[in-house]
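Predicted, not measured: the structure shown is a model, and the values here were computed from it.
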Amino acid sequence: MKLGLKLKKSLVVAAATVASASAFAIPLTGASVTGYATGYTPTTPTGFTSTVYTAGVSGAALTSLLTGDSGSPTGNIELGRLGTGTGTTLTGTFGSNTVTLSSLTIADWTNSLATRYITAAAASIGATLDTAQMTSALTTFFALQAWRQVSDPNISYVDYADGEIAIGLAGYFDATPVLNGLFSGIATAPAGSQASEVVKVSVNGGIADYLFSFTATPSNLANAAGAFTGNYEVTRAIPEPTSIALLGLGLVGMVAMRRRKAKQA
């Protein structure tokens, strides 16, 4: 009876330890950027310094911009520039998993993504577009090159917790003017409406997802143009990082070894 009770306690401790470990955010490691990018470092609550990278960047210069969280970011790095070129990628790892974040080009939008983004944007302001209105919104989106404005995501943090990666997209906490421009003559966005840029995400070279959000958290920062005032967090499920999986296996092994020793005694 005592052995069973001890074993149960050991299993509870092991499970609690694994759960506790997975609850903490794990930062992206080995981060590197390939292509044109711009790093933004806050100097005051209303000021940033910017550094343009034309041949990529890695190491401490990049890591320092990708820590923090939605309410207290340490900076951000903009991937690409208004959808031009072949795109910029940010790559890093969580254990054995390789995560790639990318800016977008026109090729990304000419499938169903534009319709999906516009539909979600309309829903976020309580609007439902009929066929004619969707056609008009799509025409505006491409003819006025509005797609470029949401194709160069500003990544403020990337980390892992509880089975998924969390990515912060720095943008306007109040994106009402952006949405009103998209739906000019069709719908009016209420004051304080929100909308993020779009980031392309793939894990271990798999099929890419396009992630965006219409709910922001105040960043307590702003640049001279009033940008970076909000962080939009998007998530993507990924396999459990090796470090966490090995921790769990090690704890289970310890419990099994204790059980064998108790039987031998």
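- The main-chain N or O of Ala132 is found under 3.5 Å from a side-chain atom of Asp130 such that the two form a donor-acceptor pair.
- Under a hydrophobic-cluster definition in which Ile, Leu, Val, Met, Phe, Trp and Tyr are linked whenever side-chain heavy atoms come within less than 4.5 Å, directly or via other members, Leu113 and Met134 are assigned to the same cluster.
- Panel note: side chain Thr110, backbone Ala107; a donor-acceptor pair is recorded below 3.5 Å.
- Within the 3.5 Å criterion, the main-chain N or O of Gly192 finds a donor-acceptor partner in the side chain of Thr176.
- Both Leu66 and Ile165 are members of a single hydrophobic cluster when ILVMFWY side chains are connected at heavy-atom separations under 4.5 Å.
- Formation of a donor-acceptor pair under 3.5 Å by the Ser213 side chain with backbone atoms of Ser196 is not found in this model.
- Within the 3.5 Å criterion, the main-chain N or O of Ser64 finds a donor-acceptor partner in the side chain of Thr74.
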**Item:** side-chain contact (heavy atoms from CB on, under 4.5 Å) evaluation trace for Asp159 with Ile26
**Value:** CA-CA 5 Å; Asp159 55 42; Ile26 300 172; 5.9 Å; no
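- The heavy-atom pair separating Thr34 from Thr88 by the smallest distance is O-CG2, 3.3 Å.
- Closest approach of Tyr160 to Gly163, counting heavy atoms only: OH-N, 3.1 Å.
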**Message:** Applying side-chain contact (heavy atoms from CB on, under 4.5 Å) to Leu28 and Phe94, what does each step give before you reach the verdict?
**Reply:** CA-CA 6 Å; Leu28 189 71; Phe94 294 105; 3.4 Å; yes
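- Residues Ile125 and Ala189 approach most closely at CG2-CB, 3.8 Å, considering heavy atoms.
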**Item:** Derivation of the side-chain contact (heavy atoms from CB on, under 4.5 Å) call for Val150 and Phe212
**Value:** CA-CA 9 Å; Val150 292; Phe212 48 85; over 6 Å; no
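- Not a single donor-acceptor pair under 3.5 Å links the side chain of Thr105 to the backbone N or O of Gly83.
- Distance check: Asn76 CG to Leu221 CG gives 9.5 Å after rounding to the nearest 0.5 Å.
- At a cut-off of 3.5 Å, with distance as the only test, no side-chain donor of Tyr232 or Glu197 sits close to an acceptor on the other residue.
- Of all the heavy atoms in Phe228 and Ala170, the pair that sits closest is CD2-CB, 4.0 Å.
- You'll find the side chain of Thr119 stays beyond 4.5 Å of the side chain of Leu129, heavy atoms only.
- Side-chain atoms of Thr84 and Tyr36, non-hydrogen and from C-beta on, never get closer than 4.5 Å to each other.
- Shown here are the side-chain hydrogen bond (donor to acceptor under 3.5 Å, both in side chains) partners of Asn204, two or more places apart in sequence or in another chain: Asn97.
- Here the CZ-OG1 distance, from Phe48 to Thr43, works out to 8.0 Å after rounding to the nearest 0.5 Å.
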**Request:** Evaluate side-chain contact (heavy atoms from CB on, under 4.5 Å) for Leu104 paired with Trp147, printing each intermediate quantity in order.
**Result:** CA-CA 9 Å; Leu104 279 59; Trp147 65 271; over 6 Å; no
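- The main-chain N or O of Ser136 is found under 3.5 Å from a side-chain atom of Thr140 such that the two form a donor-acceptor pair.
- Proximity of a side-chain donor or acceptor of Thr229 to a complementary backbone N or O of Phe173 within less than 3.5 Å is detected.
- Going from atom OG of Ser50 over to atom CG of Asn223 covers 9.5 Å, rounded to the nearest 0.5 Å.
- Within the structure, salt bridge (Lys or Arg N to Asp or Glu O under 4.0 Å) contacts touching residues 170-181 (residues at least two apart or in different chains) do not occur.
- Ring pair Tyr117/Phe214: centre-to-centre distance below 6.0 Å.
- The CZ atom of Arg236 lies 10.5 Å from the CG atom of Leu101; values are rounded to the nearest 0.5 Å.
- Under a hydrophobic clustering in which Ile, Leu, Val, Met, Phe, Trp and Tyr are joined whenever their side-chain heavy atoms come within less than 4.5 Å, directly or via other members, Leu79 and Val99 fall into the same cluster.
- For Ala216 against Gln194, the heavy-atom pair with the smallest separation is N-OE1, 2.9 Å.
- Hydrophobic clustering, with ILVMFWY side chains joined whenever heavy atoms are under 4.5 angstrom apart, groups Val201 together with Val33.
- With values rounded to the nearest 0.5 angstrom, Ile167 atom CD1 is found 6.5 Å from Ile155 atom CD1.
- Residues Gln133 and Phe183 fail the side-chain proximity criterion, which asks for heavy atoms closer than 4.5 Å.
- Closest approach of Leu182 and Ala137 over heavy atoms only: CD1-O, 4.3 Å.
- When atom types are taken as modelled, the side chain of Asp152 and the backbone of Leu82 share a donor-acceptor pair closer than 3.5 angstrom.
- A donor-acceptor pair shorter than 3.5 Å can be found between the side chains of Thr93 and Thr29.
- In this structure, Ile118 is not a member of the same hydrophobic cluster as Leu211, with clusters built from ILVMFWY side-chain heavy atoms closer than 4.5 Å.
- With respect to Asn231, the side-chain hydrogen bond (donor to acceptor under 3.5 Å, both in side chains) criterion is satisfied by exactly one of Ser72, Ser156, Ser219: Ser156.
- The backbone N or O of Pro190 lies less than 3.5 Å from a partner atom in the side chain of Ser193, making a donor-acceptor pair.
- Separation of atoms OG (Ser96) and CD (Glu240) is listed at 10.0 Å; rounding is to 0.5 Å.
- A side-chain N or O of Tyr210 and one of Asp108 form a donor-acceptor pair less than 3.5 Å apart.
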